J.: 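The structure that follows is given in the form of structure tokens.
Keep in mind that what you see is a predicted model, and the values were worked out from it rather than measured.
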Amino acid sequence: LLRANPAIEIDAVDTSHAMLQTLVRRAGPHSARVCTHCADVRLWQPSRPPYDLVVTHFLLDFLTEPEVCALAERVSRAVCPSALWIVSEFAIPENSFGRFVARPTVAGLYLGFRWLTGLAVDRLPDHPSALASAGFHLRRSRTRLAGLLVSELWKLDQPEF
């Protein structure tokens, strides 16, 4: 993204200083356009809105539904009127694969994270409802691994002032 768009500036939020250092290192000669924030996204306040693009890969599934709703509302106020939000998350499809493979897999992942990190969340939040309530509309969705993984493109449809 940094190579493809020489004007882009990125704010990256993570609770892991090591992950942020890795990001800056991988940005290489473009690292000056990456501003890192070692913070909990549930508490972080955007520093230089309006943003054109928000990307959350496997983040929302670590939050409760009220936390996802609060984040979606905060993001909707920090983006431009036609902003995009790319979401990648785990999902449990409504089919036999979902019942017999995806549901136990996701439950096992939550159990592992609870054991390793103390994560209190134990189920996938309904992020589509939270994003829709905040004014975002699903434009495109793609699944992988028979629906266990989902990637979505959401767009905020607000009138410009």
Side-chain angles (χ1 to χ4, degrees), residues 1-91 105-106 109-110 112-121 124-128 130-145 148-161:
L1 182 61
L2 289 162
R3 270 192 306 267
N5 186 337
I8 197 167
E9 295 180 8
I10 295 173
D11 278 351
V13 182
D14 200 303
T15 57
S16 168
H17 185 67
M19 290 295 282
L20 293 169
Q21 285 180 318
T22 299
L23 170 66
V24 170
R25 187 174 63 253
R26 288 184 178 174
H30 310 286
S31 63
R33 292 185 285 131
V34 177
C35 182
T36 61
H37 306 272
C38 192
D40 184 331
V41 73
R42 295 170 296 185
L43 306 173
W44 181 71
Q45 293 297 318
S47 59
R48 50 182 177 178
Y51 296 102
D52 299 311
L53 174 66
V54 175
V55 179
T56 53
H57 294 305
F58 303 98
L59 166 75
L60 304 179
D61 52 4
F62 284 98
L63 304 177
T64 65
E65 284 189 33
E67 290 169 339
V68 175
C69 289
L71 177 63
E73 284 296 326
R74 194 166 63 249
V75 165
S76 73
R77 291 189 302 271
V79 296
C80 69
S82 60
L84 299 174
W85 189 341
I86 298 173
V87 174
S88 299
E89 293 296 340
F90 288 100
T105 299
V106 170
L109 290 169
Y110 274 115
F113 278 111
R114 180 175 300 120
W115 183 71
L116 292 170
T117 68
L119 180 69
V121 177
L124 295 173
D126 181 9
H127 76 269
L131 271 66
S133 291
F136 289 89
H137 301 278
L138 183 63
R139 295 293 185 224
R140 196 173 301 153
S141 180
R142 185 176 276 176
T143 61
R144 295 284 189 257
L145 297 177
L148 178 63
L149 303 177
V150 64
S151 294
E152 301 168 335
L153 177 65
W154 293 80
K155 185 172 188 275
L156 183 65
D157 290 325
Q158 285 185 351
E160 296 199 34
F161 296 102

J.: Report yes or no: does Ser16 contribute a side-chain atom to a donor-acceptor pair with the main-chain N or O of Met19 at less than 3.5 Å?
T.: yes
J.: Say whether, by atom type as modelled, one donor and one acceptor occur between the side chain of Arg33 and the main chain of Ile8 under 3.5 angstrom.
T.: yes
J.: Begin with the C-alpha distance, continue with both residues' side-chain angles, and end with the deciding distance and a verdict on side chain to side chain contact (heavy atoms under 4.5 Å, CB included) for Leu71 and Leu60.
T.: CA-CA 9 Å; Leu71 177 63; Leu60 304 179; 3.8 Å; yes
J.: Are the side chains of Phe136 and Val75 in touch, meaning some heavy atoms are under 4.5 Å apart?
T.: yes
J.: With a 3.5 Å distance limit and no angle check, can you tell me whether Ser31 reaches the backbone of Ala27 through a side-chain donor-acceptor pair?
T.: no
J.: Write down the atom of Leu138, the atom of Trp154, and the distance for their closest heavy-atom approach.
T.: N-CE3, 3.3 Å
J.: Give me the atom names and distance for the closest heavy-atom approach of Leu23 to Ala12.
T.: CD2-CB, 3.3 Å
J.: Roughly how far, to the nearest 0.5 Å, is OG1 of Thr56 from CG of Leu131?
T.: 7.5 Å
J.: For the CG atom of Leu109 and the CZ atom of Phe58, what is their distance to the nearest 0.5 Å?
T.: 10.0 Å
J.: Quick one: do Gln21 and Thr36 satisfy side chain to side chain contact (heavy atoms under 4.5 Å, CB included)? Show the steps, please.
T.: CA-CA 9 Å; Gln21 285 180 318; Thr36 61; over 6 Å; no
J.: Could you grab the distance from atom CZ of Arg140 to atom CG of Leu153, nearest 0.5 Å is fine?
T.: 6.0 Å
J.: Using every non-hydrogen atom in the two residues, find where Pro50 and Cys80 come nearest and quote the distance to one decimal.
T.: CB-N, 3.6 Å
J.: Specify the closest pair of heavy atoms between Pro125 and Thr64, including all atoms of both residues, with the distance to one decimal.
T.: CB-C, 4.2 Å
J.: Is Val121 close to Tyr110 at the side-chain level, that is, under 4.5 Å between some pair of heavy atoms?
T.: yes
J.: Please examine the side chains of His57 and Ile86, heavy atoms only from C-beta on, and report whether any two atoms are closer than 4.5 Å.
T.: yes
J.: What distance do Ile10 atom CD1 and Asn5 atom CG have between them, rounded to the nearest 0.5 Å?
T.: 8.5 Å
J.: What residues, two or more places apart in sequence or in another chain, satisfy side-chain hydrogen bond (donor to acceptor under 3.5 Å, both in side chains) together with Arg48?
T.: Glu9, Asp11
J.: With distance as the sole test, does Glu89 use its side chain to make a donor-acceptor pair with the main-chain N or O of Val150 at under 3.5 Å?
T.: no
J.: Could you report the tightest heavy-atom contact between Ser76 and Glu73, atom names first, then the distance?
T.: OG-O, 2.8 Å
J.: Could you note down all residue pairs passing salt bridge (charged side-chain N to carboxylate O under 4.0 Å, His left out) where residues 62-72 supplies at least one of them, sequence neighbours left out?
T.: Arg42-Glu67, Glu65-Arg123
J.: What distance do Leu63 atom CG and Leu124 atom CG have between them, rounded to the nearest 0.5 Å?
T.: 11.5 Å
J.: Hey, could you give me each pair passing salt bridge (charged side-chain N to carboxylate O under 4.0 Å, His left out) that has a residue in residues 14-29? Not counting sequence neighbours.
T.: none
J.: For residues His30 and Leu1, determine if any side-chain heavy atom of one lies less than 4.5 Å from a side-chain heavy atom of the other.
T.: no
J.: Give me the ring orientation class for Tyr51 and Trp44: parallel if the planes are under 30° apart, tilted from 30 to 60°, perpendicular past 60°.
T.: tilted
J.: Output, in order, the C-alpha distance, side-chain angles, deciding distance and verdict of side chain to side chain contact (heavy atoms under 4.5 Å, CB included) for Leu148 and Val106.
T.: CA-CA 9 Å; Leu148 178 63; Val106 170; 3.9 Å; yes
J.: Atom CD in Gln45, atom CZ in Arg77: separation rounded to 0.5 Å?
T.: 8.0 Å
J.: If you take all heavy atoms of Glu152 and Ser141, which pair is closest and at what distance?
T.: CG-OG, 3.9 Å
J.: Heavy-atom distance under 4.5 Å between the side chains of Asp52 and Leu84, does that happen here?
T.: no
J.: Step by step, work out the side chain to side chain contact (heavy atoms under 4.5 Å, CB included) result for Trp85 and Leu156.
T.: CA-CA 8 Å; Trp85 189 341; Leu156 183 65; over 6 Å; no
